[in-house]
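Here's the structure we're looking at; comments come further down.
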Amino acid sequence: MKNSLTWRQTAAQQWYLTKFCFKKTPGFIAFHLFESIEIQISIFIEFVWMVNYVLTAVEQGEGFGKILTCMGYLIAFFGFFTIPYGLYHHYALPRNKQVLYQAFRMEIYEKAKEIDLSCYDDKDFYETFILATEETDRCIDRYLNFIYTAAGSLVSIWCSVLFCVYVNPIALLVAVVLLPLELFCVAQESKKSVAARMERLSYEQKREYGNRVFYLSDYAGELRLHQQMKGKCRGDYEESNYNIRSVNKKYGCQLFLYGLIHRVLLSRVVKEGAVWFILLYQMLVLRALSGAQLVTSRSCIFRIGNSTKYLIDSCKTAAENAAYIYRIREFLQMEPTTVSKAEKPVPEGSGSLSVEHVDFGYLPGKQVLRDVTLTVEPGQKIALVGYNGSGKTTLVKLLLRLYDPDSGKICYHGTDIRDYQVMAYRRSIGSVFQDFKIYAASLKENVLMDVEDGSREESYGVEQALFDAHFTLEDNRLSYQIETPLTTEFEKDGVNLSGGEAQKVAIARTLYRRQNLIIMDEPSSALDPLAEYRLNQELNEIAKDKTVIFISHRLSTVRDADCIYMMENGRIVESGTHEQLLSKGGKYAAMWKMQAGLYADVSRYARTVLKK
C-alpha cells in the first residue's frame, strides 16, 4: 500500500487527471482557469492598484472629479466581469462537475465489470476498490480546487511581486527566506495526513459495515430477535471508532506541530514582525516610503504571504490527492486474467459439455475441487447433489468461467472454453444462483437484466417468462404489471417481493433468454414444497430440448435427472440415475433415506392437489 509518492509520481498523477478533465470537459477547464485568474486580477486592481492610486492622488492634491472618474471606469470594469462570474458559479461549475464525476466513475465501473471475480477474494484488492469508489468524486473536487487555487495564487503572487519590485523590493526578502521552511512543513504535514488516512481505511470499512447492519432492512428483523448479536455489532462498531480515534491521536500531535510551525510561528510571528519592522523603518527612519507606498507595500506583502500559503496548502492537497489517484489508477490498470486465448465465437445450438480432471482452489494450496471429471450430452438433465461445502457451486462457477481451473480443462462443443470469447460464452448459458439479487428497478428490467428497447415483443417475452416461472401478475400489489418498481429503495409505491416470489423472478431471467444450456443452483430453495413440485414439472416441460444442470439439496427435485453426480469434499464420489444410485446403497442412497419420508408426503400431496 503506497502512502507517499515522490514529487515525480505526484506530478504524474496530477498530469493524468489534467488530461482526463481536459478530454471530458475542455471548455470548462479553460473557463475554470480563466475565472480563477480574472478574480485575482480584479482583487489586485481593487485593493492594491486602486488604493495606491487614490492615496497617491490625495497626497499630490489631485481633484475629486478626476479620482471619481477613474473609480467609475473601475466599477464598470468590475460590473462587466460579474457576468462570467455568475455564469461560472451558477451554471458551468455545478454542471461540469457532475459530468466529470460520472465520467470518472464510469471508468471505474467499466473496469469493475472486466476484472476477475477472484479479485474480490483479495483483501488488498477490495481495499483498493473501496478507496477508488469512495474517493472518485473527492479526487475531482480536490483537483479542481488545486488548479483553481494554484492558478489564482500564482497570478496574485506575480502581480504583487511586480508591484513590490517597482515600489519596495527589500520587503520581498522576508518571504523568499522563509519559503523553504514553509514548504518543508507542508510536505511533512501532507505525508502524515495520507499515512493517517491509509491506516484508518480498514477501520473505516468495519465502521461502515456496522452502519449498514443497523440501517439496512435486511438485518432489522434478526437484530430485534437476537439482542446478543445486536450487542456484538455495537461492540464492533465502537471498537472501530476507538481504533480510528487511536490513529488520529497517533498522527494528531505531529500534524499539530507542523501546522503550528507553519501557520503560526513562520507565517504570523516571524514574517509579520519582520515585514512591519522593515516598512516602519523605511518610512519613519529612512523617510524612503510615502504613506501610500507603506499601505500598498504592506498589502502586497500580505497578499504574497496569503497567496503563498494558499499555494502551499493547495500543493499539500494535490500531494494527498495524488496518493488517492495513484490507488485509483492501480485499480484502473488491473487486467483480467480470465481472458480468451483464441477469441472464437460460441457455436449455436446444443453441444456437449465436458469437465476433464479439473482441480481448483480459491487460495493457493487450499483445493476446493479435486480431479473432477464429468460429461453432459446435448439435451441431458444433469444433477449435482451433495452436502454443503462439497464443491457444487464452485464447479458451476467454473462452468460459467467466472474462474479458471488450476489444472484440467472444461470443453463446450468440443472446444476448451478458454478459447471462446469470454462474454459471448457466458451469455450462451442461462444461470440462476442461490444468492441472486433483486434490483431497485422495474419488474421488467429485473427479468431483462439489460436496457429495455420498449418493444411489444420484448414485453410479451418478459410476461411469458414470468408465467413459465409461475410468477403471478394478477397480484394486486403489481399496479403497473411488469412496469411495477421493485423494492421501496427509491419508489414509495415499490413492491418488496417475498423470498419465493423473488426466486421466481430469478428463474424468469433464465427462461427469457432461451439459451440451450441452463444451470440452476438451488432454483427452488425459497419455494414451498407444492410450488417446488409444480415448478419442476413445468421446467422439465419448458427445457425438454435443452441441456440443464441442477444443483439441489432436495433430492426430490433431481430424481428424474438423466444422471446424478454425488459430490463430497470436492470430488465426484458417485454417479448414475436415481435408481442406480439407490441400488448401490452408497452415500446418495443414505442421503435419500434421510429425506425419503418428506419426499413421499410432498409428492403424494402435490399429485392430489394437481388432480383437483
Side-chain angles (χ1 to χ4, degrees), residues 114 116-118 336-361 367-386 390-433 509-521 523 539-540 542-552 558 560-567 570-577 580-581:
E114 294 176 6
D116 300 331
L117 190 61
S118 59
T337 57
T338 306
V339 295
S340 174
K341 293 182 177 180
E343 291 291 330
K344 292 182 178 179
V346 181
E348 295 183 1
S350 296
S352 63
L353 178 68
S354 62
V355 179
E356 302 173 15
H357 305 289
V358 162
D359 291 336
F360 174 76
Q367 293 297 101
V368 178
L369 298 178
R370 300 172 180 85
D371 195 29
V372 174
T373 297
L374 61 86
T375 300
V376 185
E377 297 298 338
Q380 274 193 318
K381 308 299 181 287
I382 297 299
L384 300 175
V385 301
S390 59
K392 305 184 299 297
T393 298
T394 298
L395 177 56
V396 165
K397 290 178 179 178
L398 266 64
L399 294 177
L400 290 167
R401 217 190 161 199
L402 297 176
Y403 295 87
D404 279 335
D406 297 334
S407 63
K409 65 179 181 177
I410 300 172
C411 296
Y412 186 46
H413 284 275
T415 300
D416 192 326
I417 63 174
R418 286 172 289 197
D419 291 336
Y420 290 131
Q421 298 168 0
V422 177
M423 292 310 300
Y425 172 74
R426 289 173 182 168
R427 283 195 297 268
S428 71
I429 303 174
S431 59
V432 180
F433 281 107
R509 291 170 182 167
T510 295
L511 299 181
Y512 173 79
R513 285 163 181 75
R514 310 292 177 185
Q515 287 102 333
N516 292 298
L517 174 58
I518 299 175
I519 299 176
M520 293 193 171
D521 187 354
L539 287 176
N540 286 333
I542 294 168
K544 62 183 178 182
D545 58 342
K546 301 180 184 298
T547 305
V548 182
I549 299 175
F550 282 98
I551 296 178
S552 182
V558 302
D560 296 326
D562 297 315
C563 187
I564 301 171
Y565 292 90
M566 178 77 184
M567 297 190 69
R571 298 179 184 275
I572 294 176
V573 293
E574 293 178 355
S575 64
T577 64
Q580 289 171 343
L581 292 175

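Positions are given from 1 along the sequence.
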Side-chain (Ser340) to main-chain (Asp419) donor-acceptor, under 3.5 angstrom: yes

I need the Gln380 CD to Ser352 OG distance, nearest 0.5 Å. 10.0 Å

Side-chain contact, heavy-atom cut-off 4.5 Å: Val396 with Ser431? no

As an exercise, state the distance from SG of Cys411 to CZ of Arg418, rounded to the nearest 0.5 Å. 8.5 Å

Under a 3.5 Å distance rule, please check whether Lys341 uses its side chain to pair with a backbone N or O of Val339 as donor and acceptor. no

Could you report the tightest heavy-atom contact between Phe360 and Thr394, atom names first, then the distance? CD2-CG2, 3.5 Å

Correct closest heavy-atom pair for Ser354 and Glu356 would be OG-OE2, 3.3 Å

Report the relative orientation of the aromatic rings in Tyr412 and Tyr425; use parallel for angles under 30°, tilted for 30 to 60°, perpendicular for over 60°. perpendicular

Distance-minimising heavy-atom pair for Lys409 and Asp416: CB-OD2, 3.7 Å

At what distance, to the nearest 0.5 angstrom, does OG1 of Thr393 lie from CG of Leu384? 9.0 Å

Under the side chain to side chain contact (heavy atoms under 4.5 Å, CB included) rule, what do Leu399 and Val355 come out as? Steps first, then yes or no, please. CA-CA 8 Å; Leu399 294 177; Val355 179; 3.7 Å; yes

What are the two closest heavy atoms between Ala383 and Ala561, and how far apart are they? CB-CB, 4.0 Å

Smallest separation among heavy atoms of Val358 and Pro405, with atom names: CG1-CB, 3.7 Å

Less than 4.5 Å apart, any side-chain heavy atom of Tyr420 and any of His413? yes

Should Val346 and Arg427 count as side-chain neighbours, where that means a heavy-atom distance under 4.5 Å? no

Less than 4.5 Å apart, any side-chain heavy atom of Ile429 and any of Gln515? no

Give a yes or no answer on whether the side chain of Lys381 reaches the backbone of Asp560 with a donor-acceptor pair at less than 3.5 Å. no

Under 3.5 Å, is there a donor-acceptor pair between the side chain of Asp359 and the main chain of Asp371? yes

Any sub-3.5 Å donor-acceptor pair from Arg426's side-chain atoms to Arg401's backbone N or O? yes

Can you tell me how far OG1 of Thr373 sits from CZ of Arg571, rounded to the nearest 0.5 angstrom? 11.0 Å

Quick one: does Thr547's side chain have a donor or acceptor within less than 3.5 Å of a partner on Gly379's backbone? yes

Side chain to side chain, Leu374 and Ile382, heavy atoms closer than 4.5 Å: no

Looking at CG of Leu398 and CD1 of Ile410, how far apart are the two atoms once the value is rounded to the nearest 0.5 Å? 4.5 Å

Looking at every non-hydrogen atom in both residues, tell me the closest pair between Met520 and Thr510 and how far apart they are. CE-CG2, 4.5 Å

Rounded to the nearest 0.5 Å, how far apart are CG of Asp562 and OG1 of Thr577? 9.5 Å

